[in-house]
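Chain letters run A, B, ... following the sequence lines, proteins first and then strands; every chain starts at 1. Heavy atoms only: backbone and side chains are in, while hydrogens, waters and symmetry mates are out.
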Amino acid sequence: MGDFLKSSWLVLAAALVFGLLLAIVYVNWQPRIEENERLKLERGIYSILTNATSTKADTLMIEGEETTEPLVLYTGLDSTGTPVGLVFTAEGTGFQDKIKLLVGVDLEFEHYKGIAVIAAAETPGFGDAIRDYDIFRCQFVGTPVDPPLKVVKTGDRRKTDDNEIVSITGATITSRSVTNLINARVRKIREAVRHHVRERMRGSHGA
Amino acid sequence: MAEAAVAGTKEQSTAGKAAAQFVKNLWEENPVFRTLLGMCPTLAVTAAVKPALTMGLAVTFVVVSSNLMVSIMRKGLTPHLRILMFTLTISVFVTIADLFLKAFVPDMSEVLGPYVPLIIVNCIIIARAESCASKNPVFTAVLDGFGTGFGFTIAVVILATIREILGSGTWFGLRVLPAWWVPWTIMKLPAGAFITLGFILAVIAYSHGRKKAA
């Protein structure tokens with residue numbers, strides 16, 4: 001025991017001191033970090049739902065085949081408190097790292113309202129153009145949810161009344177992964193919301 | 001009296017030596033250009049000047065703090081626990097730097113992503129802990145840390161300046177090249193980092209060779 005302490009007292013002391021130091025720093029800065037994340041999310045939501053002045057967050061449970069996952073659905077409200085659209089997150093694998101998006105749809109899940117990029121580490125100069133409104137994001141404004149979005153290599157980026165998304169370059173990796181993850185996510189969430197509404201109506205009938 | 005004078009000169013010589021080491025670390029023994037350490041962040045975050053500068057300052061903070069701590073505990077370091085203590089110390093300050101960026105400069109934290117936590121394995125820092133801080137008094141170690149950190153910052157900013165101007169036509173986010181300039185996208189990619197670093201190293205090695213010959 002004496003030997004043990006003699007050779008390791010410095011490690012123990014340092015671990016204690018450093019642990020305390022980190023705890024102090026963390027407690028002081030964590031609220032700020034959370035606030036930054038919240039602001040970023042909010043900025044994303046307002047960039048999609050341009051006429052919203054406030055947001056409301058609801059948590060729904062999505063019943064998967066194996067697990068039930070919670071889903072946060074943001075509803076944008078205009079100045080009179082009328083809902084103007086829904087926003088949810090979508091996450092998938094990009095070219096180098098995960099891509100995390102916010103996707104906006106109208107209340108009926110018929111048309112997209114737009115997308116915003118929360119996190120992505122795509123190739124600079126190529127894939128990272130998903131952040132660019134004129135090159136990529138504008139194609140998701142007013143685009144119908146059905147039929148599923150499809151990536152094409154050439155076309156008019158301004159034309160948004162069809163399901164075609166013009167890829168950023170001929171190498172369609174990022175464009176395809178974004179489109180696929182939106183297609184999958186929007187259907188899953190639409191199903192969950194409709195299920196939720198049906199349940200609620202059945203519940204109110206019973207009562 | 002004589003004793004005090006001796007101590008005085010001794011102190012002065014340590015200070016002088018420390019100052020000399022500080023200057024040396026800036027350029028002559030620049031951690032990136034001369035000793036080729038810390039290549040991962042050098043190549044990864046120099047596509048633009050802003051993230052490069054942030055990384056440089058983060059590394060400076062970590063190397064100064066870790067040199068300080070290692071120097072304070074140098075008498076208690078046993079050979080077999082040396083590396084463990086270095087890593088423990090470095091990781092604490094890297095975590096602090098990471099949290100600081102997340103809290104106060106979230107944009108940069110996002111751009112730098114995993115490269116901030118990766119400062120833990122930046123061999124510049126462990127090299128300074130081993131070769132300087134664990135053998136020298138606090139003053140020398142801290143000054144050495146500043147020299148190394150600023151040397152690293154200078155190097156990454158030089159690299160980022162070349163890459164950002166050629167790759168995006170901007171410097172520090174401001175447009176410097178005319179609109180007709182076609183950006184060299186390759187400069188923003190890893191290949192551009194290797195090419196730029198290679199050219200800089202060649203120029204510096206050439207000029208050093210000439211100095212030696214002269």
Side-chain angles (χ1 to χ4, degrees), chain A residues 3-44 94-100 116-129 131-132 135 168-169 171 174, chain B residues 44-48 51 65-66 69-70 72-115 163-164 167-168 182-193:
Chain A
D3 264 3
F4 170 76
L5 275 182
K6 212 164 112 189
S7 61
S8 65
W9 68 270
L10 188 62
V11 182
L12 294 173
L16 204 69
V17 172
F18 288 154
L20 201 67
L21 181 67
L22 278 186
I24 293 169
V25 166
Y26 184 82
V27 165
N28 277 298
W29 290 348
Q30 189 56 23
R32 257 194 110 98
I33 295 172
E34 276 166 15
E35 176 70 5
N36 287 339
E37 269 163 22
R38 196 185 60 77
L39 283 176
K40 192 169 149 194
L41 188 74
E42 221 164 59
R43 268 202 303 273
F95 183 52
Q96 293 180 11
D97 202 349
K98 271 191 174 170
I99 298 180
K100 199 171 168 198
V117 179
I118 291 279
E122 300 304 289
T123 323
F126 299 106
D128 76 344
R131 292 173 187 275
D132 191 305
I135 293 178
I168 297 163
T169 70
T174 304
Chain B
V45 304
T46 52
S65 316
S66 103
M69 291 310 297
V70 169
I72 288 173
M73 58 174 122
R74 70 183 188 281
K75 299 248 162 73
L77 286 176
T78 45
H80 67 289
L81 288 176
R82 204 174 79 249
I83 302 292
L84 171 68
M85 289 308 299
F86 294 163
T87 321
L88 187 65
T89 313
I90 294 166
S91 56
V92 168
F93 291 106
V94 171
T95 311
I96 293 175
D98 189 28
L99 288 173
F100 177 84
L101 292 179
K102 277 195 182 127
F104 298 96
V105 225
D107 298 350
M108 278 299 114
S109 165
E110 199 178 306
V111 174
L112 292 171
Y115 294 106
R163 289 181 66 195
E164 188 178 344
S168 320
V182 181
W184 304 1
T185 300
I186 191 162
M187 294 308 272
K188 288 195 263 182
L189 302 179

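Using a 4.5 Å cut-off between heavy atoms, T89(B) contacts chain A through both its backbone and its side chain. In this structure, chain A has heavy atoms under 4.5 Å from both the backbone and the side chain of M73(B). Contacts of I96(B) with chain A are made by both backbone and side-chain atoms, with heavy-atom separations under 4.5 Å. No part of I24(A) comes within reach of chain B, as not one of its non-hydrogen atoms sits under 4.5 angstrom from that chain. Only the side chain of L21(A) comes within contact range of chain B, with heavy atoms under 4.5 Å apart. Interface residue L10(A): backbone and side-chain heavy atoms are both found under 4.5 Å from chain B.
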Take K40(A) and E110(B) through the test salt bridge (Lys or Arg N to Asp or Glu O under 4.0 Å) and record every step on the way to the result. CA-CA 11 Å; K40(A) 192 169 149 194; E110(B) 199 178 306; 2.7 Å; yes
Evaluate F18(A) against M69(B) for side chain to side chain contact (heavy atoms under 4.5 Å, CB included), listing each step before the verdict. CA-CA 11 Å; F18(A) 288 154; M69(B) 291 310 297; 3.8 Å; yes
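The nearest pair of heavy atoms linking A15(A) to L88(B) is N-CD2, 4.2 Å.
Note: L99(B) leads L99(B), T78(B), L81(B) in heavy-atom pairs under 4.5 Å with chain A.
A donor-acceptor distance shorter than 3.5 angstrom exists from the side chain of N36(A) to the backbone of A103(B), with no hydrogens or angles considered.
Heavy-atom neighbours of W29(A) CH2 from other residues, nucleotides or ligands within 6.0 Å: above the threshold of 12. Atom CZ of F104(B) has more than 12 neighbouring heavy atoms from other residues, nucleotides or ligands inside a 6.0 Å radius.
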